[in-house]
Amino acid sequence: ANGRVSRCPSWEAAYERELRSFRDGGDAGEIWFGEESIVRLIRWMEKYKIPRDSPVLDIGTGNGVLLVELAKSGYTNLTGIDYAASAIQLSEQVKEKEGMSNIKFQVEDFLAPSAELSGFEICIDKGTFDAVSLNPEDAVEKRKQYVRSLCSVLKPGGFFLITSCNWTKEELLSEFRKGFEILEELPTPKFCFGGRIGNSVTALVFQRK
């Protein structure tokens with residue numbers, strides 16, 4: 001499962017269950033948005049010839065599977081953060097099982113990032129901004145803080161890859177208008193309902209101004 005920034009006890013409990021499941025049977029748990037979401041992000045990075053040693057941050061890393069797949073694709077400077085300590089425990093165990101020593105995992109609340117969390121050329125979010133948006137406590141301010149945090153950790157000219165099931169392209173353009181410009185919309189699976197075709201998932205690439 002992908003990690004969450006919002007402080008919700010249910011996420012801790014969910015990761016603790018997945019941690020037990022991984023210890024018992026080696027199952028790392030659910031991949032948010034499915035495996036094609038990981039392939040989509042890696043293909044974009046390869047198409048844009050992102051250097052393999054570029055610093056990459058996975059915001060709300062959860063079980064760390066995205067970074068493991070990036071490591072398998074040759075990327076060497078990978079960091080995953082999650083506010084849930086049980087998620088970081090799980091991702092560390094997945095990393096150890098896969099033998100990927102070039103991934104760093106740490107407990108961080110992205111809405112209050114530590115000073116050393118900076119200088120990234122790529123930031124990736126699969127569902128974490130969605131969770132911030134659903135926070136019952138002042139979601140609007142938390143979304144603004146998310147954008148501020150993103151500006152502080154991502155280098156000027158760096159790329160932000162976001163996958164969302166809560167927000168349309170137009171809404172995300174509005175949310176990230178301060179400090180970011182849209183570079184590309186990535187193709188996602190389409191669904192048909194009531195004769196209308198739409199996307200259940202939005203995937204965008206922004207560049208920091």
Side-chain angles (χ1 to χ4, degrees), residues 1-8 11-12 15 19 28 32 38 41-42 44-45 48 50-96 98-133 135 137-138 141-163 175-176 178-181 205-209:
N2 200 33
R4 294 312 196 219
V5 172
S6 54
R7 296 194 174 281
C8 175
W11 291 117
E12 282 281 9
Y15 284 122
L19 193 54
W32 276 68
I38 294 179
L41 297 174
I42 293 175
W44 183 88
M45 291 173 67
Y48 264 79
I50 301 298
R52 292 296 201 265
D53 61 351
S54 295
V56 176
L57 177 66
D58 185 17
I59 302 166
T61 195
N63 58 17
V65 169
L66 168 61
L67 292 184
V68 166
E69 292 304 318
L70 280 169
K72 288 178 180 178
S73 297
Y75 294 91
T76 60
N77 192 349
L78 305 171
T79 301
I81 61 168
D82 205 294
Y83 88 92
S86 51
I88 296 302
Q89 281 182 279
L90 176 60
S91 57
E92 287 282 6
Q93 292 193 13
V94 172
K95 175 182 89 168
E96 187 176 333
E98 296 286 348
M100 297 296 178
S101 59
N102 53 357
I103 307 175
K104 177 183 177 184
F105 290 112
Q106 60 196 63
V107 178
E108 286 265 5
D109 182 350
F110 190 64
L111 298 186
S114 58
E116 67 265 19
L117 203 70
S118 64
F120 291 95
E121 293 175 15
I122 305 283
C123 286
I124 300 174
D125 180 319
K126 285 197 320 103
T128 300
F129 185 71
D130 286 353
V132 170
S133 309
N135 194 308
E137 298 176 11
D138 201 2
E141 178 54 35
K142 283 181 168 59
R143 293 201 303 271
K144 290 178 181 177
Q145 181 55 52
Y146 181 103
V147 177
R148 288 193 290 268
S149 295
L150 187 60
C151 285
S152 75
V153 304
L154 186 61
K155 286 181 179 179
F159 301 107
F160 173 52
L161 286 65
I162 181 169
T163 304
E175 290 290 322
F176 291 94
K178 289 186 178 178
F180 297 88
E181 56 187 6
V205 180
F206 287 94
Q207 187 165 25
R208 196 185 154 202
K209 296 176 183 175

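Hydrogens, waters and symmetry mates play no part in the numbers below; they use all other heavy atoms, side chains included.
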Ring-ring centroid check Phe129 Phe176, cutoff 6.0 Å = yes
If I take atom [atom1] from residue [X] and atom [atom2] from residue [Y], how far apart are they, to the nearest 0.5 angstrom?
X: Leu161; Y: Phe206; atom1: CG; atom2: CZ; result: 10.5 Å
X: Tyr146; Y: Asn135; atom1: OH; atom2: CG; result: 14.0 Å
X: Thr79; Y: Leu67; atom1: OG1; atom2: CG; result: 8.0 Å
X: Ser73; Y: Ile50; atom1: OG; atom2: CD1; result: 13.5 Å

Partner of Thr61 under side-chain contact (heavy atoms from CB on, under 4.5 Å), picked from Leu90, Leu66, Ile88, is Ile88
Just by modelled atom types, is the Asp125 backbone N or O under 3.5 Å from a matching donor or acceptor in the Thr128 side chain? no
With distance as the sole test, does Lys209 use its side chain to make a donor-acceptor pair with the main-chain N or O of Glu181 at under 3.5 Å? no
Would you call the rings of Trp44 and Phe159 parallel, tilted or perpendicular, where under 30° means parallel and over 60° means perpendicular?
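Aromatic pair Trp44/Phe159 classed perpendicular.
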Tightest non-hydrogen contact, residues Ser133 and Arg143, listed as OG-CD, 3.5 Å
Subject >> Nearest heavy atoms of Leu70 and Leu78, plus distance in Å >> reply: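 It is CB-CD1, 4.0 Å.
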Exercise. Do we see a donor-acceptor contact under 3.5 Å between the side chains of Ser149 and Gln145?
Worked result: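 Yes, side-chain donor-acceptor contact under 3.5 Å.
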